[in-house]
Structure formats: structure tokens, C-alpha cells
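Values reported hereafter were calculated over all heavy atoms of this structure, with side chains retained and with hydrogens, waters and symmetry mates removed.
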Amino acid sequence: MTTHSPRIVDLSESQPNTRRGGDLRALLTPTAVGATSGFMGLAIVQPGERIAEHYHPYSEEFIYVVSGLLEVDLDGETHQMRPDQGLLIPLNVRHRFRNVGNVEARMVFHLGPLAPRPELGHVDTEAPENTAAAEEGRPPERSGAVS
């Protein structure tokens with residue numbers, strides 16, 4: 001068994017992922033820090049932006065809202081979220097997030113356990129609104145990218 005040393009990762013060390021809307025930053029991942037049970041990151045969502053609907057067939061997702069006002073759809077049912085609230089999203093529950101406030105929203109996400117392979121961990125169920133694929137009418141991607 002490989003052991004890893006503790007490592008602090010700064011947000012500036014992560015690459016933005018905007019394919020599904022918002023700015024998703026995976027910070028503590030198997031690649032970055034040798035995590036073996038899941039991964040953690042930060043979603044930055046501007047006013048009016050959303051993160052497209054998706055689900056995770058192998059992982060629960062834990063959400064903590066740091067700032068801003070969000071709506072989350074869970075299998076089609078809308079819920080309000082505000083700072084200092086947490087949410088557990090069980091396996092296979094479709095979810096999307098919308099910033100319904102007038103300031104940037106930030107939420108921490110953690111998924112675990114890891115899928116057998118990264119490309120199996122994430123299933124898109126709609127195209128994001130703010131991507132070239134959505135603008136061109138292409139179908140949503142299906143991949144194992146974060147959150």
C-alpha cells in the first residue's frame with residue numbers, strides 16, 4: 001500500500017473546468033494528492049449561471065455552500081440553499097445547481113467513493129447552457145470529469 005504525505009493545495013493550483021457550467025476546481029484528487037477514497041473541490045458559480053444536470057453512479061456527493069444563494073434540483077424537485085448549509089446527494093440522484101442571487105456563489109463538493117475509472121464517475125443528462133456544444137445543439141457529453 002502506498003502512503004502519501006499531507007499536502008496543502010491552493011485554489012490557484014487547480015485548473016478551471018467550465019464544461020458543465022460554473023467554474024469547477026478539483027483540488028484534492030487522486031492525481032493531485034494521491035487520494036484513494038474520493039475527491040474534493042470548489043464550485044464557483046456567477047449570478048445567473050448554472051451547473052448542468054448530471055448524476056454519479058458510484059459516488060455520493062457532499063455539498064457545503066460557502067457563499068451566495070443557490071437552487072438545486074434533485075431528481076426534478078427544487079430546493080433553496082444558502083451559506084452554511086450542507087447537502088448529501090445519494091448515488092444516481094440527478095442534480096443541477098443555479099445561482100439565483102446577485103453575487104458569486106461558492107460551494108465545496110466532495111465525492112466518494114471513487115468510480116472504478118474516472119470516465120464512469122459522472123453522467124451528464126443535459127448540455128450546459130454556456131458551452132459551444134449547447135450553442136451548436138450538440139448532445140451532452142458523457143464523461144468521468146469532476147462534479
Side-chain angles (χ1 to χ4, degrees), residues 6-115 118-147:
R7 179 164 182 266
I8 295 172
V9 178
D10 190 84
L11 185 64
S12 67
E13 296 177 62
S14 64
Q15 296 299 313
N17 176 345
T18 59
R19 288 181 295 174
R20 291 177 180 86
D23 176 356
L24 306 179
R25 303 286 184 108
L27 292 167
L28 306 177
T29 67
T31 304
V33 298
T36 60
S37 63
F39 64 92
M40 190 276 295
L42 179 71
I44 303 167
V45 187
Q46 298 303 319
E49 264 188 331
R50 72 175 184 148
I51 297 171
E53 186 183 81
H54 60 282
Y55 68 91
H56 308 281
Y58 294 93
S59 305
E60 294 177 320
E61 185 167 11
F62 301 84
I63 300 293
Y64 179 78
V65 178
V66 176
S67 62
L69 299 174
L70 296 165
E71 282 185 345
V72 57
D73 296 332
L74 302 168
D75 279 342
E77 186 176 330
T78 301
H79 303 270
Q80 304 295 314
M81 292 195 74
R82 58 178 162 63
D84 297 331
Q85 289 186 322
L87 167 66
L88 167 65
I89 303 172
L91 298 176
N92 296 312
V93 170
R94 293 175 295 112
H95 53 284
R96 81 168 62 80
F97 294 91
R98 285 181 300 284
N99 181 340
V100 294
N102 57 8
V103 299
E104 176 181 276
R106 289 181 172 230
M107 68 179 182
V108 174
F109 60 87
H110 174 271
L111 285 92
L114 294 169
E119 67 273 11
L120 299 177
H122 186 111
V123 180
D124 292 313
T125 54
E126 69 182 359
E129 291 177 341
N130 59 343
T131 66
E135 291 167 9
E136 295 171 11
R138 293 196 314 255
E141 299 174 24
R142 300 217 183 266
S143 75
V146 293
S147 192

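The closest side-chain heavy-atom distance from V103 to S67 is not below 4.5 Å. For the pair H79/Q85, no side-chain contact is recorded, criterion being any heavy-atom separation below 4.5 Å from C-beta on. Inter-residue side-chain proximity for N99 and L70 is flagged as met; some heavy-atom pair is nearer than 4.5 Å. Side-chain atoms of R20 and H122, non-hydrogen and from C-beta on, do get closer than 4.5 Å to each other. Looking only at side-chain heavy atoms (C-beta outward), H56 and H95 come within less than 4.5 Å of each other. Within the 4.5 Å cutoff, side-chain heavy atoms of Q80 are placed close to those of V100.
In this structure, the ring-ring contact (aromatic ring centres under 6.0 Å, His included) partners of F62, at least two apart in sequence or on a different chain, are H110. Taking T78 as the reference, D73 meet the side-chain hydrogen bond (donor to acceptor under 3.5 Å, both in side chains) condition, with sequence neighbours excluded. Applying the salt bridge (Lys or Arg N to Asp or Glu O under 4.0 Å) rule to E60 yields no partners; only residues at least two apart in sequence or on another chain are considered. Not counting sequence neighbours, L91 has no partner by the side-chain contact (heavy atoms from CB on, under 4.5 Å) test. Looking at residues two or more places apart in sequence or on another chain, you find no side-chain hydrogen bond (donor to acceptor under 3.5 Å, both in side chains) involving S37. Evaluation of the side-chain contact (heavy atoms from CB on, under 4.5 Å) rule for P113 yields no partner, not counting sequence neighbours. When the side-chain hydrogen bond (donor to acceptor under 3.5 Å, both in side chains) test is applied to E13, the partners found at least two apart in sequence or on another chain are R7. Every residue two or more places apart in sequence or in another chain that forms a side-chain contact (heavy atoms from CB on, under 4.5 Å) with L114 is listed here: P30, F39.
Annotation: the span from E71 atom CD to F97 atom CZ amounts to 12.0 Å, rounded to 0.5 Å. Separation of atoms NE2 (H54) and CG (D124) is listed at 7.5 Å; rounding is to 0.5 Å. Separating the CG atom in D23 from the CG atom in L42 is a distance of 8.0 Å, to the nearest 0.5 Å. Distance check: I89 CD1 to S59 OG gives 11.5 Å after rounding to the nearest 0.5 Å. One distance of note links CZ of R98 with CG of L69; it measures 13.0 Å at 0.5 Å rounding. Distance check: R96 CZ to I51 CD1 gives 11.5 Å after rounding to the nearest 0.5 Å.
Other residues, nucleotides and ligands contribute at most 12 non-hydrogen atoms within 6.0 Å of the CD1 atom of I8. Surrounding CG of D10 are more than 12 heavy atoms belonging to other residues, nucleotides or ligands, all under 6.0 Å away.
Checking side-chain atoms of E126 against main-chain N and O of E53 turns up a donor-acceptor pair under 3.5 Å.
Residues D75 and N92 share a closest heavy-atom pair of OD1-O, 4.3 Å. When all heavy atoms of G121 and P57 are compared, the closest pair comes out as O-CD, 3.7 Å. Contact between S14 and A26 at its shortest, heavy atoms only, is CB-O, 3.6 Å. Counting all heavy atoms, side chain and backbone alike, Y55 lies closest to V93 at CB-O, 3.5 Å. The two residues R19 and P128 make their nearest non-hydrogen contact at O-CG, 2.6 Å.
For residues 76-92, there are no salt bridge (charged side-chain N to carboxylate O under 4.0 Å, His left out) pairs, not counting sequence neighbours. Screening residues 99-113 for salt bridge (charged side-chain N to carboxylate O under 4.0 Å, His left out), with sequence neighbours left out, gives E104-R106.
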Please evaluate residues L74 and L87 with respect to the criterion side chain to side chain contact (heavy atoms under 4.5 Å, CB included), reporting the C-alpha separation (whole Å), side-chain torsions for both, the decisive distance (0.1 Å), and the verdict. CA-CA 11 Å; L74 302 168; L87 167 66; 4.0 Å; yes
Determine, step by step, whether M107 and V72 satisfy the side chain to side chain contact (heavy atoms under 4.5 Å, CB included) criterion, reporting the C-alpha distance in whole Å, the side-chain angles of both residues, the deciding distance to 0.1 Å, and the verdict. CA-CA 12 Å; M107 68 179 182; V72 57; over 6 Å; no
